[in-house]
Amino acid sequence: MTNDDMIAYNPKQVEIEAQAYWDAHSSFKATEDPDKEKFYCLSMFPYPSGHLHMGHVRNYTIGDAISRFQRMLGKNVLQPMGWDAFGLPAENAAMQNKVPPASWTYSNIDYMRDQLQKLGYAYDWERELATCHRNYYKWEQWFFTRLYDKGLVYKKEAEVNWDPVDQTVLANEQVVDGRGWRSGALVERRNIPQWFVKITAMAQELLDDLDKLEGWPEKVKIMQSNWIGRSEGVNLDFEIAEPTDASLRSLSVYTTRPDTLMGVTYIAVAPQHPVAIKAAKTNSRLAQFIAEQNQIKVAEAEMATMEKLGMDTGLKAIHPINGEGVPIYTANFVLMSYGSGAVMAVPGHDQRDWDFARKYGLEIKQVVEPLSGEVICDLNREAFVEKGRLINSGQFNGLNFTEAFEAIAAYLTERGRGEKTVNYRLRDWGVSRQRYWGAPIPMINCDACGAVPVPESELPVLLPEDIEMDESGSPLGKMAEFYKTNCPSCGAAARRETDTFDTFMESSWYFARFACKDQNTSMLDARANYWLPVDQYIGGIEHAILHLLYARFYHKLLRDEGLVNSDEPFARLLTQGMVLKDGAKMSKSKGNTVDPMSLIDRYGADTVRMFTMFASAPDQSLDWSDSGVEGSYRFLKRFWKQLSEHEALPLPEMNSLTLSAEQKKLRLKSHQTLAKVTDDYKRRHTFNTAIAATMELLNAISKFSEDHQDETDRIVVQEALEFSVLMLAPIVPHFCHAAWQRLGHEGAAMDVLWPEVAESALVQDNALIVLQVNGKLRSKIEVSRGISKDELEKLALGDDIIQRFISKGSVRKVIVVPGKLVNIVTG
RNA sequence: GCGGAUGUGGCGGAACUGGUAGACGCGCUAGAUUUAGGAUCUAGUGAGCUUUGCUCGUGGAGGUUCGAGUCCUCUCAUCCGCACCA
């Protein structure tokens, strides 16, 4: 052993050398090759907020470990990286630092790219893209005009949070306790015209195709399914008694419980409902109430958690079956954006209606009784919400839920007062933002022609980057040179749309653009179909619904345009958990962040990568621990020393037949570990247990090496060490790059094929059998694997310790699980 | 409020198919080494007790089973999402 071999582990040097090797060999450049099985591994791209946080490090280390593992399996791996570059924080930073959002964003990208490179991720940097580049958003604008031509986008009025002092639209995040975060003014809901994409047209397919996503966590599919919220019910009309306005003769409601129709005792409409607004014209108290309800931010959680309030509009609705008049209330828990903005209230059989009826002294009527006498129904205490048998419902008495549903639906249909309907909770995707730092919506508003899409030849509609931001929102609306234009259709003077796209538009197709980001004559090309779908997608659980649903939708739109040939963008999904510190989410506002770069400076990237992968399973939350990082560093140092103490090649080939029992045992451990780790990487994605198993193997090697030093011993140890290095190579790639060479090999660990488990090494003669008495562990015996059930039972009953426990009572039953355990039940 | 998850030693976690609870690591204790500190190495480490061993123990309360951290019912706590944060 030379002095050179004993050099202590120097992460900085190891990492610089490994990265230099990968750079020199363009190791991560991905090229389309139809003869090789492809593997597209993608981590959700970051918003360039300034610097990497631990959540990024965790996300990208998981993706990198999977990429490198798949590469070692011999696949043609693509792992790209880019920037979700548009968004609100750039505008805030611009105001704070008096720097244009564009230059702030570009310098952040440069800084963060450097950070990612220090972490040694196996990205094909030639494919890097940023969504704020004209070559990216040009195609997004083009695609939007295609969707417009197909009738898949439309304009309608929708509510926003309006700050009356700053005269600007606020994001939900910018509304704190009902007030604008800068001005402190009470926000108001305001209706403005906005663009929508018809995602509801694809609601059923988005729901149905969840079944195809076998590689997705069940919880994410359930969340998406609930979000889409398909329900079957009945749409029906209530006429309004004594209408004073011809346009407001009736109001329509949707219900999934038409069986309770005879129990309706009032109607509740949203404060924004035309009926409420109409009634308020002659009722100042009602107008006041509605105005108060409009000072609540536009967020469902806000609505759902506030006190349920309502007020009588004074109007009456005519029950479509019995013709009786029921009062129409306006209530703050009815959402204008869901269904028709009005609900029929059945306080006897809906808890929220019951609570409201109690509060306002409205009638509670029972029309459903339990099917069995054991079920309690006491409408004085709470609503009876279960399905049952109809009572107090005239001709429908005695029917069960299904019969009543059909009979009442048929009754209403015959009389033209209603019909069966499938309803979705999902709403169309509003893509207009009254913001500057986003992709301009490529539309032109002409007085004569209306909204006209910008022709392809004039795309992209460039976002001017050299601007100044102030508190009063987007500068685009004040820039005549931006918005003054001519109508592409009639040539008259017209005004360009000054709203920009929701940033979810950019993140809904970037995965496809990575395949062909240099393509300048079309949005996508054939390379997209080589790489897509993404084989493994990794990102935070917080994206379980919105981003992932929009991306699935967009992918289907791309398919319908003939740009991709798959139905779904992401074959497998891994949702990583949050990074916590002291039990709370690591965040700037809580002041509990840990800077990855200072740790990398101190311990090296491999230690940081190792700790984030070891501390917990990727889909669980990760509790940050400084001493845990220290432990990972210690492990690498120990491993380095262990490698130095081993005399590596040249050694002869292993002859498995001549191994001693001890040598066989270590070889068994090596191959058992390899089998486990392979499964952990490939199927379970539990890198924490893969690392733990490798540590166990290294502990076993240590113990073995203490008194085994001959040549055959070293052959067995060489194999065990090689396995260990290759098994950790996806997680601590720099370390393993150097370690592989220390084990006497030329070339790079990352180019080595994943080793194969030798079945012959796994053969064991004996099995350890657990002996239980009444389910409690009492003894263990080692028996030959070939032993019969009867013999095993006999051996178990004859065991000394077992004898002591069963001598008191009689043996009633013996359960034998071959190769595992014997449980003796006494009585 | 609705939807989804999580809960196991002093701490992070393991136990994959109902079959040895606590792998692996951190921390701690003792010892070795060291002028000291640090680093390193060795051993121990769920709790309790009448300590060759026994009893208890996976948020709580019930249940199913020869056997439950794992399955079922109820319940408590914490976290995430709720459509303009990304």
Side-chain angles (χ1 to χ4, degrees), chain A residues 44 46-47 49 84 86-89 158-161 169-175 194 217-220 222-223 225-227 229 297-306 308 333 337 352 425-435 502-504 507 540-547 549-550 575 577-578 580 583-585 611 614-617 619-632 634-635 637-638 641 676 679-680 683-684 686 688-689 691-696 699 768-778 780 812-815 817 820-826:
Chain A
M44 290 180 187
Y47 176 76
S49 56
D84 190 12
F86 280 134
L88 194 53
E159 289 181 320
V160 292
N161 302 307
V169 174
L170 298 179
N172 279 335
E173 193 190 47
Q174 299 172 306
V175 180
Q194 306 192 55
E218 208 54 41
K219 63 176 173 184
V220 175
I222 290 169
M223 281 191 261
S225 168
N226 289 334
W227 185 262
K297 81 171 176 183
V298 186
E300 198 179 308
E302 207 81 3
M303 313 263 297
T305 48
M306 68 196 175
K308 310 281 178 287
F333 60 82
S337 53
R352 195 174 57 185
R425 205 188 74 95
L426 182 69
R427 308 199 295 259
D428 276 337
W429 179 11
V431 295
S432 295
R433 296 293 180 269
Q434 297 69 44
R435 301 264 170 71
D502 174 12
T503 58
F504 278 127
S507 56
I541 182 68
E542 67 273 19
H543 295 293
I545 296 174
L546 289 179
H547 161 61
L549 190 64
Y550 290 141
T575 52
M578 286 179 311
L580 312 176
K585 182 177 177 171
F611 173 73
F614 180 56
S616 67
D619 58 340
Q620 302 294 313
S621 63
L622 182 155
D623 218 334
W624 192 261
S625 147
D626 292 336
S627 53
V629 178
E630 193 79 45
S632 292
R634 205 149 52 210
F635 166 76
K637 282 196 288 186
R638 215 162 33 224
K641 203 174 142 207
K676 188 209 162 28
D679 185 50
D680 283 350
R683 179 181 62 90
R684 299 213 302 156
T686 50
N688 54 331
T689 55
I691 294 171
T694 312
M695 286 175 166
E696 269 190 75
N699 290 344
L768 187 69
I769 304 294
V770 168
L771 303 184
Q772 298 180 330
V773 177
N774 296 325
K776 285 201 171 85
L777 171 72
R778 295 301 180 188
K780 295 171 193 178
R812 271 206 318 186
K813 197 171 173 185
V814 180
I815 284 136
V817 184
K820 251 188 185 159
L821 65 73
V822 179
N823 185 17
I824 297 150
V825 188
T826 64

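Chain letters run A, B, ... following the sequence lines, proteins first and then strands; every chain starts at 1. Since the model is a prediction, treat every value here as computed from it, not as a measurement.
Candidate nucleotides B:U6, B:G25, B:G1 were compared by shortest atom distance to the side chain of A:Arg638, and B:G25 ranks first.
With P as the reference atom, B:U73 and B:C82 are 29 Å apart, rounded to whole Å.
Look at B:G18: it lacks any Watson-Crick or wobble partner with both distances under 3.5 angstrom. Across every strand in view, B:C26 sits in a pair with B:G10 that passes the Watson-Crick or G-U test at under 3.5 angstrom. With a cut-off of 3.5 Å on both pairing distances, the Watson-Crick or G-U wobble partner of B:G53 is B:C49. Of all nucleotides present, none satisfies the Watson-Crick or G-U wobble test against B:U34 with each distance under 3.5 Å. Nucleotide B:C71 has B:G63 as its partner under the Watson-Crick or G-U criteria, with both atom distances under 3.5 Å.
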When you compare the protein's N or O atoms with those of nucleotides 16-20 of chain B, which come within less than 3.5 Å of each other, and at what distance?
unit_1, atom_1, unit_2, atom_2, d
B:C16, O2, A:Arg683, NH2, 2.6
B:C16, N4, A:Lys676, NZ, 2.5
B:G19, N2, A:Gln772, OE1, 3.3
B:G19, N2, A:Asn823, ND2, 3.4
B:U20, O2, A:Lys780, NZ, 2.7

Quiz prompt | Protein-to-nucleotide contact annotation, 5' to 3' order, nucleotides 79-86 of chain B [B base; S sugar-phosphate only; - none; under 4.0 Å, heavy atom] | solution = SSSBBBBB

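No engagement by A:Ser625 is indicated, since no non-hydrogen atom pair under 4.0 Å with the nucleic acid exists.
Salt-bridge check for A:Glu696 with A:Lys676: failed, with every basic side-chain N at 4.0 Å or more from each acidic carboxylate O.
RNA chain B is contacted by both A:Ala692 and A:Lys219; A:Lys219 maps to the nucleotide lying nearer its 5′ end (nearest heavy atom per residue).
Nucleotide B:U73 carries an anti base; the chi torsion (O4'-C1'-N9-C4 or O4'-C1'-N1-C2) is more than 90° from 0.
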